[in-house]
Amino acid sequence: MIRARDIRRLSRGLRFRLTATYALFFALLLIGVTGVFHERLASSLDNQVHSVLDQRWAAMKGYLRIERDSETDPMKAIWYYDKEDPDESRIVLGIRSVYLITDSNGNTVPDLDGQPAVSQTYLDIGVDSPADIKKLVRGALANSRPFWTVKRSRQGVDYLIRSGIVYDEGHFTGGRRSPYYVALGSSLAASSNTLREFSLLYIAVIPGSLILGSLLGWIMAGRALAPVRAAAQAAARISSSNLSLRIPARNAGDELDYLIRTFNRMIDRLEASFQQMKQFSADVSHELRTPITAIRGQLEVALFTAQTTEQYREAMFNALQDIDRLSQIVRAMLLLSQAESGQLVLQKSHVDLSAMARDLVEQFQIPAEAAGVRLTSDLPAECPVELDRVQIERLISNLLSNAIKFTGEGGRVNVALRRQTAEQGPERIEIVVEDTGRGIATEHLPHIFDRFYRVPGPGAAPAPEQGLGLGLSFVAWIVKAHRGKIDVESAPGKGTRFTVKLPAPGLGSGAVETAGQAVSQS
Ligand code: ADP
(Lines give C-alpha, C1' and ligand atoms only; values in the text may rest on other atoms or scores of the structure.)
Protein backbone atom coordinates (compact mmCIF):
# COMPACT_ATOMS: atom_id res chain seq x y z
CA MET A 1 0.00 0.00 0.00
CA ILE A 2 1.35 3.43 -0.92
CA ARG A 3 1.36 5.74 2.09
CA ALA A 4 1.19 9.55 2.07
CA ARG A 5 4.71 9.64 3.52
CA ASP A 6 6.05 7.63 0.56
CA ILE A 7 4.36 9.99 -1.88
CA ARG A 8 5.80 13.02 -0.08
CA ARG A 9 9.29 11.49 -0.12
CA LEU A 10 8.95 10.62 -3.80
CA SER A 11 7.77 14.10 -4.72
CA ARG A 12 10.80 15.59 -2.95
CA GLY A 13 13.15 13.33 -4.91
CA LEU A 14 15.36 14.66 -7.66
CA ARG A 15 13.99 12.14 -10.16
CA PHE A 16 10.43 13.31 -9.61
CA ARG A 17 11.40 16.97 -9.84
CA LEU A 18 13.40 16.41 -13.02
CA THR A 19 10.49 14.54 -14.60
CA ALA A 20 7.95 17.16 -13.49
CA THR A 21 10.05 19.98 -14.94
CA TYR A 22 10.52 18.07 -18.17
CA ALA A 23 6.78 17.25 -18.41
CA LEU A 24 5.82 20.87 -17.74
CA PHE A 25 8.22 22.11 -20.37
CA PHE A 26 7.00 19.46 -22.81
CA ALA A 27 3.32 20.37 -22.14
CA LEU A 28 3.98 24.08 -22.68
CA LEU A 29 5.87 23.30 -25.87
CA LEU A 30 3.08 21.03 -27.18
CA ILE A 31 0.36 23.55 -26.35
CA GLY A 32 2.41 26.36 -27.89
CA VAL A 33 3.14 24.43 -31.07
CA THR A 34 -0.46 23.23 -31.55
CA GLY A 35 -1.74 26.76 -30.82
CA VAL A 36 0.47 28.26 -33.50
CA PHE A 37 -0.41 25.44 -35.91
CA HIS A 38 -4.15 25.88 -35.25
CA GLU A 39 -3.85 29.60 -35.86
CA ARG A 40 -1.96 29.08 -39.14
CA LEU A 41 -4.45 26.44 -40.33
CA ALA A 42 -7.45 28.64 -39.53
CA SER A 43 -5.98 31.60 -41.37
CA SER A 44 -5.01 29.49 -44.40
CA LEU A 45 -8.52 27.96 -44.60
CA ASP A 46 -10.01 31.43 -44.28
CA ASN A 47 -7.78 32.69 -47.09
CA GLN A 48 -8.89 29.78 -49.24
CA VAL A 49 -12.61 30.64 -48.89
CA HIS A 50 -11.84 34.33 -49.51
CA SER A 51 -9.97 33.45 -52.68
CA VAL A 52 -12.81 31.12 -53.89
CA LEU A 53 -15.27 34.02 -53.44
CA ASP A 54 -12.89 36.45 -55.16
CA GLN A 55 -12.68 34.09 -58.13
CA ARG A 56 -16.46 33.64 -58.18
CA TRP A 57 -16.91 37.41 -58.05
CA ALA A 58 -14.59 37.88 -61.02
CA ALA A 59 -16.39 35.11 -62.97
CA MET A 60 -19.77 36.58 -62.01
CA LYS A 61 -18.77 39.87 -63.59
CA GLY A 62 -18.03 38.01 -66.83
CA TYR A 63 -21.26 36.03 -67.00
CA LEU A 64 -23.90 38.35 -65.47
CA ARG A 65 -25.70 41.15 -67.28
CA ILE A 66 -28.39 43.29 -65.67
CA GLU A 67 -30.48 44.60 -68.50
CA ARG A 68 -33.97 44.86 -69.93
CA ASP A 69 -35.51 44.24 -73.35
CA SER A 70 -37.51 47.49 -73.61
CA GLU A 71 -37.73 50.77 -71.76
CA THR A 72 -40.84 49.66 -69.87
CA ASP A 73 -39.49 46.22 -68.93
CA PRO A 74 -38.09 45.68 -65.41
CA MET A 75 -34.37 45.04 -65.05
CA LYS A 76 -33.47 41.36 -65.18
CA ALA A 77 -30.40 39.43 -64.08
CA ILE A 78 -29.34 37.36 -67.09
CA TRP A 79 -26.48 34.83 -67.07
CA TYR A 80 -24.66 34.57 -70.40
CA TYR A 81 -22.77 31.30 -70.76
CA ASP A 82 -22.58 28.24 -72.96
CA LYS A 83 -24.93 25.77 -71.31
CA GLU A 84 -23.37 22.95 -73.31
CA ASP A 85 -19.93 23.69 -71.82
CA PRO A 86 -19.66 21.67 -68.57
CA ASP A 87 -16.95 24.00 -67.20
CA GLU A 88 -18.94 27.18 -67.70
CA SER A 89 -22.09 25.49 -66.36
CA ARG A 90 -20.20 24.35 -63.26
CA ILE A 91 -18.77 27.82 -62.65
CA VAL A 92 -22.16 29.59 -62.99
CA LEU A 93 -23.82 26.91 -60.87
CA GLY A 94 -21.17 27.51 -58.19
CA ILE A 95 -21.75 31.27 -58.29
CA ARG A 96 -25.53 30.82 -58.09
CA SER A 97 -25.38 28.30 -55.22
CA VAL A 98 -25.42 31.15 -52.71
CA TYR A 99 -26.32 34.48 -54.24
CA LEU A 100 -28.59 37.51 -54.12
CA ILE A 101 -29.06 40.35 -56.61
CA THR A 102 -31.14 43.41 -55.68
CA ASP A 103 -31.44 46.95 -56.91
CA SER A 104 -29.99 49.74 -54.81
CA ASN A 105 -33.20 49.87 -52.73
CA GLY A 106 -32.97 46.24 -51.71
CA ASN A 107 -35.66 44.88 -54.08
CA THR A 108 -34.69 41.50 -55.50
CA VAL A 109 -34.10 41.64 -59.25
CA PRO A 110 -35.96 38.92 -61.26
CA ASP A 111 -34.05 36.57 -63.53
CA LEU A 112 -34.82 35.57 -67.10
CA ASP A 113 -37.73 33.38 -66.00
CA GLY A 114 -39.18 36.12 -63.80
CA GLN A 115 -38.04 34.29 -60.62
CA PRO A 116 -36.28 36.42 -57.94
CA ALA A 117 -32.48 36.31 -58.38
CA VAL A 118 -31.77 34.70 -55.06
CA SER A 119 -30.77 31.14 -54.20
CA GLN A 120 -32.59 29.00 -51.66
CA THR A 121 -29.47 28.83 -49.48
CA TYR A 122 -29.36 32.64 -49.38
CA LEU A 123 -32.99 32.67 -48.34
CA ASP A 124 -32.05 30.23 -45.53
CA ILE A 125 -29.30 32.58 -44.47
CA GLY A 126 -31.74 35.51 -44.55
CA VAL A 127 -31.92 38.20 -47.19
CA ASP A 128 -30.28 41.45 -46.14
CA SER A 129 -32.63 44.20 -45.06
CA PRO A 130 -33.25 47.08 -47.59
CA ALA A 131 -31.75 49.51 -45.06
CA ASP A 132 -28.50 47.46 -44.90
CA ILE A 133 -28.36 47.21 -48.66
CA LYS A 134 -28.86 50.92 -49.12
CA LYS A 135 -26.11 51.65 -46.64
CA LEU A 136 -23.79 49.21 -48.32
CA VAL A 137 -24.48 50.50 -51.81
CA ARG A 138 -23.73 54.01 -50.58
CA GLY A 139 -20.52 52.81 -49.01
CA ALA A 140 -19.50 50.86 -52.09
CA LEU A 141 -20.14 53.88 -54.32
CA ALA A 142 -17.85 55.95 -52.10
CA ASN A 143 -15.01 53.39 -52.18
CA SER A 144 -15.07 50.32 -54.32
CA ARG A 145 -13.82 47.83 -51.75
CA PRO A 146 -15.75 44.53 -51.36
CA PHE A 147 -17.69 43.95 -48.17
CA TRP A 148 -17.23 40.70 -46.23
CA THR A 149 -19.56 39.24 -43.57
CA VAL A 150 -20.13 35.89 -41.95
CA LYS A 151 -23.75 34.76 -41.59
CA ARG A 152 -25.32 31.65 -40.17
CA SER A 153 -28.07 29.78 -42.04
CA ARG A 154 -31.15 28.38 -40.40
CA GLN A 155 -29.46 24.96 -40.53
CA GLY A 156 -26.64 26.37 -38.39
CA VAL A 157 -24.03 26.48 -41.18
CA ASP A 158 -21.77 29.54 -41.38
CA TYR A 159 -21.36 31.28 -44.74
CA LEU A 160 -18.81 33.85 -45.80
CA ILE A 161 -20.56 36.53 -47.88
CA ARG A 162 -18.80 38.83 -50.31
CA SER A 163 -21.01 41.70 -51.39
CA GLY A 164 -20.55 44.72 -53.57
CA ILE A 165 -22.14 46.50 -56.51
CA VAL A 166 -22.33 45.84 -60.23
CA TYR A 167 -23.87 48.17 -62.80
CA ASP A 168 -26.61 47.49 -65.35
CA GLU A 169 -25.89 47.75 -69.07
CA GLY A 170 -27.31 51.28 -69.34
CA HIS A 171 -29.71 50.41 -72.16
CA PHE A 172 -32.42 53.04 -72.85
CA THR A 173 -30.88 55.52 -70.43
CA GLY A 174 -28.36 57.00 -72.79
CA GLY A 175 -25.53 54.99 -71.19
CA ARG A 176 -26.29 56.01 -67.58
CA ARG A 177 -25.77 52.92 -65.48
CA SER A 178 -27.39 52.26 -62.13
CA PRO A 179 -25.76 50.30 -59.29
CA TYR A 180 -27.12 46.91 -58.20
CA TYR A 181 -26.33 45.01 -55.04
CA VAL A 182 -24.83 41.54 -55.50
CA ALA A 183 -23.93 39.15 -52.65
CA LEU A 184 -22.14 35.83 -53.21
CA GLY A 185 -21.57 33.31 -50.44
CA SER A 186 -19.55 30.22 -49.75
CA SER A 187 -20.03 27.73 -46.97
CA LEU A 188 -17.48 27.68 -44.13
CA ALA A 189 -18.59 24.20 -43.12
CA ALA A 190 -15.60 22.45 -44.71
CA SER A 191 -13.09 24.77 -43.01
CA SER A 192 -14.71 24.54 -39.62
CA ASN A 193 -14.95 20.75 -40.00
CA THR A 194 -11.26 20.56 -40.77
CA LEU A 195 -10.47 22.78 -37.77
CA ARG A 196 -12.71 20.74 -35.52
CA GLU A 197 -11.10 17.50 -36.67
CA PHE A 198 -7.67 18.91 -35.92
CA SER A 199 -8.81 20.15 -32.50
CA LEU A 200 -10.13 16.68 -31.69
CA LEU A 201 -6.83 15.26 -32.82
CA TYR A 202 -4.88 17.58 -30.47
CA ILE A 203 -7.17 16.71 -27.58
CA ALA A 204 -6.53 13.05 -28.22
CA VAL A 205 -2.80 13.38 -28.95
CA ILE A 206 -1.64 15.96 -26.35
CA PRO A 207 -2.50 14.02 -23.17
CA GLY A 208 -1.21 10.82 -24.79
CA SER A 209 2.11 12.34 -25.76
CA LEU A 210 2.35 14.07 -22.39
CA ILE A 211 1.95 10.77 -20.58
CA LEU A 212 4.41 9.11 -22.96
CA GLY A 213 6.86 12.02 -22.65
CA SER A 214 6.65 12.03 -18.86
CA LEU A 215 7.21 8.28 -18.79
CA LEU A 216 10.23 8.72 -21.02
CA GLY A 217 11.43 11.57 -18.78
CA TRP A 218 10.96 9.39 -15.70
CA ILE A 219 12.99 6.57 -17.29
CA MET A 220 15.71 8.94 -18.50
CA ALA A 221 15.96 10.72 -15.11
CA GLY A 222 16.14 7.30 -13.46
CA ARG A 223 18.97 6.24 -15.76
CA ALA A 224 20.82 9.54 -15.24
CA LEU A 225 20.50 9.25 -11.46
CA ALA A 226 21.30 5.54 -11.25
CA PRO A 227 25.07 6.18 -10.86
CA VAL A 228 24.30 8.65 -8.05
CA ARG A 229 22.37 5.94 -6.24
CA ALA A 230 25.19 3.46 -6.87
CA ALA A 231 27.72 5.98 -5.56
CA ALA A 232 25.61 6.62 -2.45
CA GLN A 233 25.32 2.88 -1.79
CA ALA A 234 29.08 2.49 -2.21
CA ALA A 235 29.66 5.46 0.11
CA ALA A 236 27.31 3.94 2.71
CA ARG A 237 29.48 0.82 2.79
CA ILE A 238 32.57 2.84 3.73
CA SER A 239 33.18 2.91 7.47
CA SER A 240 36.12 3.21 9.84
CA SER A 241 36.77 -0.54 9.57
CA ASN A 242 36.97 -0.55 5.76
CA LEU A 243 38.29 2.88 4.86
CA SER A 244 40.20 1.33 1.97
CA LEU A 245 36.92 0.95 -0.01
CA ARG A 246 36.39 3.46 -2.81
CA ILE A 247 33.46 4.39 -5.04
CA PRO A 248 34.18 2.76 -8.40
CA ALA A 249 35.09 5.33 -11.08
CA ARG A 250 32.88 5.30 -14.20
CA ASN A 251 35.34 7.13 -16.47
CA ALA A 252 32.48 8.95 -18.19
CA GLY A 253 34.25 12.28 -17.72
CA ASP A 254 31.08 13.96 -16.46
CA GLU A 255 30.17 15.95 -13.34
CA LEU A 256 29.35 12.80 -11.44
CA ASP A 257 32.80 11.42 -12.15
CA TYR A 258 34.25 14.62 -10.78
CA LEU A 259 32.12 14.23 -7.64
CA ILE A 260 33.22 10.60 -7.23
CA ARG A 261 36.88 11.51 -7.70
CA THR A 262 36.60 14.33 -5.15
CA PHE A 263 34.82 12.04 -2.71
CA ASN A 264 37.45 9.32 -3.15
CA ARG A 265 40.21 11.84 -2.56
CA MET A 266 38.45 12.92 0.63
CA ILE A 267 38.38 9.27 1.77
CA ASP A 268 42.11 9.05 0.89
CA ARG A 269 42.80 11.94 3.24
CA LEU A 270 40.54 10.50 5.93
CA GLU A 271 42.23 7.13 5.61
CA ALA A 272 45.65 8.75 5.90
CA SER A 273 44.77 10.67 9.05
CA PHE A 274 42.96 7.66 10.49
CA GLN A 275 46.04 5.59 9.81
CA GLN A 276 48.16 8.29 11.46
CA MET A 277 45.91 8.24 14.51
CA LYS A 278 46.14 4.47 14.76
CA GLN A 279 49.90 4.64 14.36
CA PHE A 280 50.06 7.37 17.00
CA SER A 281 48.18 5.36 19.62
CA ALA A 282 50.24 2.26 18.79
CA ASP A 283 53.45 4.30 19.15
CA VAL A 284 52.27 5.85 22.39
CA SER A 285 51.42 2.56 24.02
CA HIS A 286 54.72 1.10 22.81
CA GLU A 287 56.70 4.07 24.13
CA LEU A 288 54.96 4.03 27.48
CA ARG A 289 55.42 0.33 27.91
CA THR A 290 59.27 0.52 28.00
CA PRO A 291 59.62 2.94 30.97
CA ILE A 292 56.73 1.27 32.79
CA THR A 293 58.41 -2.14 32.46
CA ALA A 294 61.69 -0.57 33.61
CA ILE A 295 60.01 1.05 36.65
CA ARG A 296 58.37 -2.24 37.51
CA GLY A 297 61.78 -3.94 37.28
CA GLN A 298 63.41 -1.34 39.54
CA LEU A 299 60.65 -1.62 42.15
CA GLU A 300 60.82 -5.42 42.10
CA VAL A 301 64.56 -5.21 42.69
CA ALA A 302 63.94 -2.86 45.62
CA LEU A 303 61.25 -5.12 47.06
CA PHE A 304 62.79 -8.56 46.58
CA THR A 305 66.53 -8.32 46.24
CA ALA A 306 67.81 -5.03 47.69
CA GLN A 307 69.31 -5.39 51.13
CA THR A 308 71.42 -2.38 51.78
CA THR A 309 70.21 1.22 51.86
CA GLU A 310 72.55 1.88 48.96
CA GLN A 311 70.81 -0.75 46.83
CA TYR A 312 67.40 0.67 47.77
CA ARG A 313 68.54 4.15 46.87
CA GLU A 314 69.90 3.02 43.52
CA ALA A 315 66.67 1.21 42.63
CA MET A 316 64.63 4.27 43.64
CA PHE A 317 66.95 6.56 41.68
CA ASN A 318 66.61 4.45 38.53
CA ALA A 319 62.83 4.28 38.93
CA LEU A 320 62.66 8.06 39.31
CA GLN A 321 64.71 8.50 36.15
CA ASP A 322 62.27 6.31 34.24
CA ILE A 323 59.33 8.20 35.72
CA ASP A 324 60.98 11.40 34.49
CA ARG A 325 61.19 9.95 30.99
CA LEU A 326 57.60 8.82 31.27
CA SER A 327 56.33 12.28 32.18
CA GLN A 328 58.54 13.76 29.45
CA ILE A 329 56.84 11.52 26.91
CA VAL A 330 53.39 12.33 28.24
CA ARG A 331 54.07 16.09 28.21
CA ALA A 332 55.52 16.02 24.71
CA MET A 333 52.65 13.94 23.40
CA LEU A 334 50.07 16.16 24.96
CA LEU A 335 51.66 19.17 23.34
CA LEU A 336 51.95 17.44 19.98
CA SER A 337 48.33 16.26 20.01
CA GLN A 338 47.23 19.77 20.97
CA ALA A 339 49.27 21.14 18.10
CA GLU A 340 47.92 18.66 15.59
CA SER A 341 44.29 19.08 16.63
CA GLY A 342 44.64 22.83 16.19
CA GLN A 343 44.29 23.70 19.90
CA LEU A 344 47.73 25.24 20.02
CA VAL A 345 47.34 28.65 18.43
CA LEU A 346 50.34 30.68 17.36
CA GLN A 347 50.91 33.85 19.43
CA LYS A 348 52.68 36.02 16.90
CA SER A 349 54.57 39.09 18.00
CA HIS A 350 57.32 41.38 16.85
CA VAL A 351 60.59 39.55 17.48
CA ASP A 352 64.23 40.25 16.73
CA LEU A 353 65.15 36.83 15.42
CA SER A 354 68.87 37.69 15.44
CA ALA A 355 68.84 38.49 19.15
CA MET A 356 66.81 35.38 19.87
CA ALA A 357 69.25 33.12 17.98
CA ARG A 358 72.22 34.81 19.68
CA ASP A 359 70.73 34.11 23.15
CA LEU A 360 70.09 30.48 22.26
CA VAL A 361 73.60 30.01 20.93
CA GLU A 362 74.89 31.40 24.23
CA GLN A 363 72.71 28.99 26.24
CA PHE A 364 73.89 26.00 24.20
CA GLN A 365 77.59 26.87 24.61
CA ILE A 366 77.80 24.84 27.87
CA PRO A 367 76.40 21.53 26.51
CA ALA A 368 78.41 22.09 23.33
CA GLU A 369 81.62 22.52 25.25
CA ALA A 370 80.76 19.45 27.33
CA ALA A 371 80.40 17.46 24.09
CA GLY A 372 83.59 18.95 22.67
CA VAL A 373 81.71 20.65 19.85
CA ARG A 374 82.51 24.14 18.56
CA LEU A 375 79.25 26.12 18.33
CA THR A 376 79.37 29.14 16.03
CA SER A 377 76.81 31.52 14.52
CA ASP A 378 76.48 33.68 11.49
CA LEU A 379 73.83 36.27 12.37
CA PRO A 380 72.95 39.76 11.15
CA ALA A 381 72.96 42.66 13.66
CA GLU A 382 69.19 42.51 13.85
CA CYS A 383 66.30 40.76 12.14
CA PRO A 384 62.85 42.08 13.11
CA VAL A 385 60.06 39.70 12.11
CA GLU A 386 56.50 38.64 13.12
CA LEU A 387 56.39 35.13 14.58
CA ASP A 388 55.58 33.05 17.65
CA ARG A 389 58.56 33.64 19.94
CA VAL A 390 58.05 30.53 22.13
CA GLN A 391 57.59 28.14 19.20
CA ILE A 392 60.51 29.48 17.16
CA GLU A 393 62.73 29.26 20.26
CA ARG A 394 61.61 25.65 20.62
CA LEU A 395 62.36 25.03 16.91
CA ILE A 396 65.90 26.42 17.07
CA SER A 397 66.57 24.66 20.41
CA ASN A 398 65.46 21.30 19.02
CA LEU A 399 67.64 21.67 15.93
CA LEU A 400 70.60 22.86 18.00
CA SER A 401 70.33 20.12 20.63
CA ASN A 402 70.09 17.45 17.90
CA ALA A 403 73.06 18.93 16.07
CA ILE A 404 75.18 18.94 19.25
CA LYS A 405 73.92 15.50 20.24
CA PHE A 406 74.78 13.87 16.92
CA THR A 407 78.14 15.60 16.36
CA GLY A 408 81.14 13.91 17.90
CA GLU A 409 84.02 15.53 19.72
CA GLY A 410 86.01 17.99 17.61
CA GLY A 411 83.02 18.68 15.36
CA ARG A 412 81.37 21.98 14.60
CA VAL A 413 77.81 23.31 14.67
CA ASN A 414 76.81 26.59 13.05
CA VAL A 415 73.59 28.62 13.17
CA ALA A 416 72.97 31.16 10.39
CA LEU A 417 70.18 33.57 9.51
CA ARG A 418 69.60 34.65 5.93
CA ARG A 419 67.04 36.83 4.29
CA GLN A 420 65.64 36.61 0.77
CA THR A 421 64.57 40.00 -0.52
CA ALA A 422 61.63 40.69 -2.83
CA GLU A 423 64.00 40.96 -5.81
CA GLN A 424 65.28 37.41 -5.19
CA GLY A 425 61.83 35.85 -4.89
CA PRO A 426 59.13 35.78 -2.22
CA GLU A 427 60.34 37.62 0.88
CA ARG A 428 61.41 35.13 3.53
CA ILE A 429 63.77 34.32 6.38
CA GLU A 430 66.01 31.29 6.38
CA ILE A 431 67.30 29.69 9.57
CA VAL A 432 70.15 27.27 8.83
CA VAL A 433 71.49 24.84 11.45
CA GLU A 434 74.48 22.94 10.13
CA ASP A 435 76.74 20.36 11.75
CA THR A 436 79.71 18.20 10.87
CA GLY A 437 78.24 15.23 12.75
CA ARG A 438 77.46 11.69 11.76
CA GLY A 439 74.76 12.59 9.23
CA ILE A 440 71.64 10.66 8.34
CA ALA A 441 71.50 7.87 5.76
CA THR A 442 69.29 8.62 2.74
CA GLU A 443 66.82 5.85 3.54
CA HIS A 444 66.05 7.43 6.93
CA LEU A 445 65.69 11.01 5.70
CA PRO A 446 61.99 10.77 4.71
CA HIS A 447 61.08 9.48 8.19
CA ILE A 448 62.98 11.69 10.61
CA PHE A 449 59.99 14.06 10.99
CA ASP A 450 57.67 11.18 11.90
CA ARG A 451 56.64 10.81 15.51
CA PHE A 452 58.88 8.54 17.61
CA TYR A 453 61.18 7.93 14.66
CA ARG A 454 64.78 7.47 15.65
CA VAL A 455 67.52 6.42 13.28
CA PRO A 456 68.70 3.01 14.50
CA GLY A 457 72.24 2.80 15.84
CA PRO A 458 74.74 0.16 14.69
CA GLY A 459 72.37 -2.51 16.08
CA ALA A 460 68.63 -2.56 15.52
CA ALA A 461 67.88 -0.41 18.59
CA PRO A 462 68.13 3.39 18.60
CA ALA A 463 71.49 4.80 19.71
CA PRO A 464 71.59 5.55 23.45
CA GLU A 465 71.99 9.32 23.04
CA GLN A 466 68.71 9.54 21.16
CA GLY A 467 65.68 11.06 22.79
CA LEU A 468 61.98 10.41 22.32
CA GLY A 469 61.94 10.88 18.57
CA LEU A 470 59.43 13.69 18.94
CA GLY A 471 61.70 16.75 18.58
CA LEU A 472 61.61 16.92 14.77
CA SER A 473 57.83 16.24 14.71
CA PHE A 474 57.49 19.44 16.71
CA VAL A 475 59.85 21.30 14.41
CA ALA A 476 57.79 20.19 11.41
CA TRP A 477 54.54 21.31 13.06
CA ILE A 478 55.97 24.75 14.01
CA VAL A 479 57.25 25.29 10.44
CA LYS A 480 53.87 24.26 9.00
CA ALA A 481 51.97 26.51 11.41
CA HIS A 482 54.10 29.44 10.24
CA ARG A 483 53.36 28.43 6.62
CA GLY A 484 57.04 27.72 6.09
CA LYS A 485 59.13 24.90 4.71
CA ILE A 486 61.94 22.78 6.08
CA ASP A 487 64.68 21.14 4.00
CA VAL A 488 67.28 18.69 5.18
CA GLU A 489 70.49 17.76 3.42
CA SER A 490 72.76 15.16 4.93
CA ALA A 491 75.83 13.15 4.08
CA PRO A 492 76.51 10.19 6.39
CA GLY A 493 79.78 10.73 8.24
CA LYS A 494 80.08 14.32 7.04
CA GLY A 495 77.22 16.25 8.53
CA THR A 496 73.69 17.53 8.26
CA ARG A 497 72.10 20.84 7.30
CA PHE A 498 68.53 21.82 8.26
CA THR A 499 67.15 24.88 6.41
CA VAL A 500 63.93 26.41 7.73
CA LYS A 501 62.27 28.88 5.37
CA LEU A 502 59.65 31.15 6.91
CA PRO A 503 57.62 33.64 4.91
CA ALA A 504 58.23 37.20 6.13
CA PRO A 505 56.44 39.58 3.77
CA GLY A 506 56.81 43.34 4.04
CA LEU A 507 60.13 43.34 5.90
CA GLY A 508 61.36 46.26 3.88
CA SER A 509 64.93 46.61 2.75
CA GLY A 510 67.52 46.85 5.49
CA ALA A 511 65.35 45.06 8.02
CA VAL A 512 67.83 42.23 7.92
CA GLU A 513 71.41 42.93 7.14
CA THR A 514 73.16 40.55 4.84
CA ALA A 515 75.14 37.71 6.27
CA GLY A 516 78.32 39.42 5.07
CA GLN A 517 77.89 42.07 7.73
CA ALA A 518 76.93 39.47 10.33
CA VAL A 519 78.82 38.91 13.53
CA SER A 520 80.35 35.52 13.94
CA GLN A 521 80.39 33.93 17.35
CA SER A 522 82.32 31.02 18.58
P1 ADP B 1 65.33 12.66 19.05
O2 ADP B 1 64.59 12.97 20.26
O3 ADP B 1 65.71 11.26 18.91
O4 ADP B 1 66.41 13.62 18.75
P5 ADP B 1 64.14 13.87 16.75
O6 ADP B 1 62.76 13.77 16.21
O7 ADP B 1 64.63 15.18 17.13
O8 ADP B 1 64.23 12.84 17.91
O9 ADP B 1 65.10 13.26 15.65
C10 ADP B 1 64.78 12.07 15.01
C11 ADP B 1 66.02 11.32 14.62
O12 ADP B 1 66.67 11.98 13.53
C13 ADP B 1 67.05 11.28 15.67
O14 ADP B 1 66.83 10.19 16.55
C15 ADP B 1 68.35 11.12 14.89
O16 ADP B 1 68.57 9.77 14.61
C17 ADP B 1 68.08 11.86 13.62
N18 ADP B 1 68.68 13.21 13.65
C19 ADP B 1 68.08 14.37 13.98
N20 ADP B 1 68.92 15.42 13.86
C21 ADP B 1 70.12 14.91 13.46
C22 ADP B 1 71.43 15.47 13.18
N23 ADP B 1 71.64 16.78 13.27
N24 ADP B 1 72.39 14.62 12.80
C25 ADP B 1 72.18 13.30 12.70
N26 ADP B 1 71.00 12.71 12.96
C27 ADP B 1 69.98 13.49 13.34
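Side chains included, hydrogens not; waters and symmetry mates left out as well; all remaining heavy atoms used. Whatever order the structure lists ligands and atoms in, that order sets their numbers, starting from 1.
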Quick check: does any side chain N or O of R358 sit under 3.5 Å from a backbone N or O of A381, one acting as donor and the other as acceptor?
-> yes

Quick one: sort the W148 and H50 rings into parallel, tilted or perpendicular, breaks at 30° and 60°.
-> tilted

Per-atom contacts of ligand 1 with G471, taking only distances under 4.0 Å to non-hydrogen atoms | 5 (P), 6 (O), 7 (O)

Where ligand 1 meets G439 - atom numbers and elements under 4.0 angstrom, heavy-atom basis = 25 (C)

Find all atoms of ligand 1 within a distance of less than 4.0 Å from any non-hydrogen atom belonging to V455, and give their numbers and elements.
-> 14 (O), 16 (O), 17 (C)

For ligand 1, which atoms, with element, lie under 4.0 Å from some heavy atom of T496?
-> 24 (N)

With heavy atoms only and a cut-off of under 4.0 Å, state how I440 meets ligand 1: side chain, backbone, both or neither.
-> side chain

Across all chains, not counting sequence neighbours, the salt bridge (Lys or Arg N to Asp or Glu O under 4.0 Å) partners of D359 are none

In terms of atom number and element, which parts of ligand 1 are under 4.0 angstrom from non-hydrogen atoms of D435?
-> 22 (C), 23 (N)

Exercise: do Q391 and R394 side chains pair donor with acceptor under 3.5 Å = yes

Which atoms of ligand 1 sit under 4.0 Å from any heavy atom of Y453?
-> 10 (C), 11 (C)

If you count the atoms of ligand 1 from 1 in the order shown, which ones are under 4.0 Å from a heavy atom of N402?
-> 4 (O), 5 (P), 7 (O), 9 (O), 19 (C), 20 (N)

Which atoms of ligand 1 are found less than 4.0 Å from any heavy atom of G469?
-> 1 (P), 2 (O), 3 (O), 6 (O), 8 (O)

What part of H444, side chain from CB on, backbone N/CA/C/O, both or neither, has a heavy atom under 4.0 Å from ligand 1?
-> neither

The complete set of ring pair (Phe, Tyr, Trp, His ring centres under 6.0 Å) pairs with one or both residues in residues 422-448, sequence neighbours excluded, reads H447-Y453

Tested for side-chain contact (heavy atoms from CB on, under 4.5 Å) against F263, the lone hit among L259, I267, I260 is I267

Is it the case that T376 and R412 place a side-chain donor and acceptor less than 3.5 Å from each other?
-> yes

N or O pair under 3.5 Å between L472 and ligand 1 = yes

So is A403 in contact with ligand 1, going by heavy-atom distances below 4.0 Å?
-> yes

Pair S239, N242: side-chain N/O donor-acceptor within cut-off below 3.5 Å | yes

